[in-house]
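Written below as structure tokens is the structure these notes are about.
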Amino acid sequence: MLQQTTVAAVLPRYVSFLDRFPDIDSLARAKEESVLAEWSGLGYYARARHLSRAARQVVREHGGELPRDIAALRALPGFGEYTAAAVASLAWDVRAPAADANVTRVLSRVHAIPGTAGSRAHRQRVLVAATELLPLARPGDATAALMDLGQAICLPRRPLCPRCPLRAECAGLASGDPERYPRRPSKPPMGRATVAAGVVRREGRALLLRRAGRASLGGLWEFPSAQAETLPAAKEDLGLLLRSLGLMLDDATPPAPADHTIMRRRLEIAVFRALPAELPIAPVTGGGARWWTPSELDRAAVSTLTRKIGRAAGFLPVAQ
DNA sequence: CAGCCGTGGGG
DNA sequence: TCCCCAAGGCT
């Protein structure tokens, strides 16, 4: 959960996740969709799919016990170089260097490591520095301390150097401008797009479709929707999708607006009502479509975008 | 290596 | 309002 997600965002979800899946066996037995439902709203949903697969692999290959060596951890879905080292170090007290964004920032500054964070050369120098720093006794505590130092003191901007225990030996501070370490890769500018979503209701339920497997947002339920650069284009695509479902867009009712930012795209959302094109309504069959009550949908595997659409349509309550 | 994946909080 | 950033990994 903590991959690219802050402790504050994770903490309440971590508690409820462990309440729902208290151990690896219960996680391994659960359907992937149940794990995604518990993950709903946390983002980066591939992490939940990986976690589901990883639990099953641990049961199958390691007797239900998380392995203690780096190589076996690294072989689990969702365990990259960092996470394997972090788990080995923090959980098993293995002397493995784990350089997350915080540790990378701290060590980049302490050693004034040039170059862009994430490049192979830079990453290698950070790992060497981390390895040199790890003590033989309780290396996990040192890993945790480095992370905490980066999270609380060695901030990305305006670091609290006067309060830093490493200030006397920090080359970045000595250089006069610790903030320039590490150099961050440039990011593409924010884009914009429009989403047209169709909400069709029947007997108190609404129709949602499920995306397939590994795709983006795979395994999550969504209202029928289409994304395009302009509203007319998105609306046109939505109309085609609805027609294939035996539905039609209701043009008499003005669309409800919403907005959402997903990665580097700002989305303007227009939520249309949809109606059956012929009576009786074509029963939507297959595992990819289902009619949901509001309370069912509230506990379902859906993204925040889907929740916003449901609320804009008046189908889901506007929440706490 | 580049591109992509979600979301919420903070400046 | 807008950008930055976060206990990264996969393709």
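Quick note on labels: first sequence line is chain A, next is B, and so on, each numbered from 1.
For the atom pair CD (A:Glu33) and CZ (A:Arg210), the distance works out to 4.5 Å, reported to the nearest 0.5 Å.
For the pair A:Leu51 CG and C:dG8 C1', the interatomic distance rounds to 14 Å; values are reported in whole Å. Atom CG in A:Leu155 sits roughly 14 Å away from atom C1' in B:dG9 (whole-Å rounding). Here C:dC4 presents its P atom at 8 Å from CE of A:Met190, a figure rounded to the nearest Å. Remark: C1' of B:dT7 and OH of A:Tyr14 are 21 Å apart, rounded to the nearest angstrom. Computed from coordinates, the A:Met1 CE to C:dA7 C1' distance equals 13 Å when rounded to whole Å. Between the CG atom of A:Leu73 and the P atom of C:dG9 there is a distance of 12 Å, rounded to whole Å. For the pair A:Lys187 NZ and C:dC4 C1', the interatomic distance rounds to 6 Å; values are reported in whole Å. Atom pair A:Gln124:CD and B:dC1:P shows a separation of 12 Å (rounding to whole Å applied).
For the pair A:Arg205 and A:Trp292, the cation-pi criterion (under 6.0 Å, within 45° of the ring axis) is not fulfilled. Cation-pi contact between A:Arg202 and A:Trp291: present, with separation from the ring centre below 6.0 Å and deviation from the ring axis of at most 45°.
Comment: A:Arg307 engages A:Asp298 in a salt bridge, judged by a side-chain N to carboxylate O separation of less than 4.0 angstrom. By the 4.0 Å N-to-carboxylate-O rule, A:Glu296 lies close enough to A:Arg290 to be salt-bridged with it.
Across C:dG9, C:dC2, B:dC1, the shortest atom-to-atom separation from the side chain of A:Arg120 is found for B:dC1. Taking the side chain of A:Arg105 as heavy atoms from C-beta on, and the options C:dA6, C:dC4, C:dG9, the nearest nucleotide is C:dA6. For A:Tyr82, counting side-chain heavy atoms from C-beta on, the closest listed nucleotide (B:dC1, C:dG9, C:dC5) is C:dG9. Of the candidates C:dC4, C:dC10, C:dA6, the closest approach to any side-chain atom of A:Thr6 belongs to C:dA6.
Residue A:Arg266 is classed as a sugar-phosphate contact, given heavy-atom separations below 4.0 Å to backbone atoms only. Residue A:Arg158 is classed as having no contact, given no heavy-atom separation below 4.0 Å to the nucleic acid. Among the protein residues, A:Ala86 comes within range of no part of the nucleic acid, since none of its heavy atoms lies under 4.0 Å from any strand.
Each of A:Val7 and A:Pro77 lies near DNA chain C, and the nucleotide nearest A:Val7 is the one positioned closer to the 5' end. Summary of the strand contacts: A:Ala9 and A:Ser119 both lie near DNA chain B, and taking for each the nucleotide with the nearest heavy atom, the more 5' one is attributed to A:Ser119.
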Are there any protein N/O atoms within less than 3.5 Å of an N/O atom in nucleotides 4-6 of chain B, and if so, which ones and at what distance?
from	atom 1	to	atom 2	distance (Å)
B:dC5	N3	A:Tyr44	OH	3.3
B:dG6	OP1	A:Tyr45	N	2.9
B:dG6	OP2	A:Ser216	OG	3.4
B:dG6	O4'	A:Tyr44	N	3.0
B:dG6	O6	A:Tyr44	OH	2.9
B:dG6	N1	A:Gln4	O	3.2
B:dG6	N2	A:Thr5	OG1	2.8

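Going from the P atom of B:dG6 to that of C:dT11 covers 14 Å, rounded to whole Å. Nucleotides B:dA2 and C:dA7 are separated by 24 Å at their C1' atoms, to the nearest Å.
Judged by distance alone, the side chains of A:Ser16 and A:Asp19 never bring a donor and an acceptor atom under 3.5 Å apart.
Around atom CD of A:Gln227, more than 12 heavy atoms belonging to other residues, nucleotides or ligands sit under 6.0 Å away.
A side chain to side chain donor-acceptor pair (under 3.5 Å) check over residues 243-253 of chain A, counting only residues at least two apart or in different chains, returns the pairs A:Lys235-A:Asp251, A:Asp250-A:Thr253.
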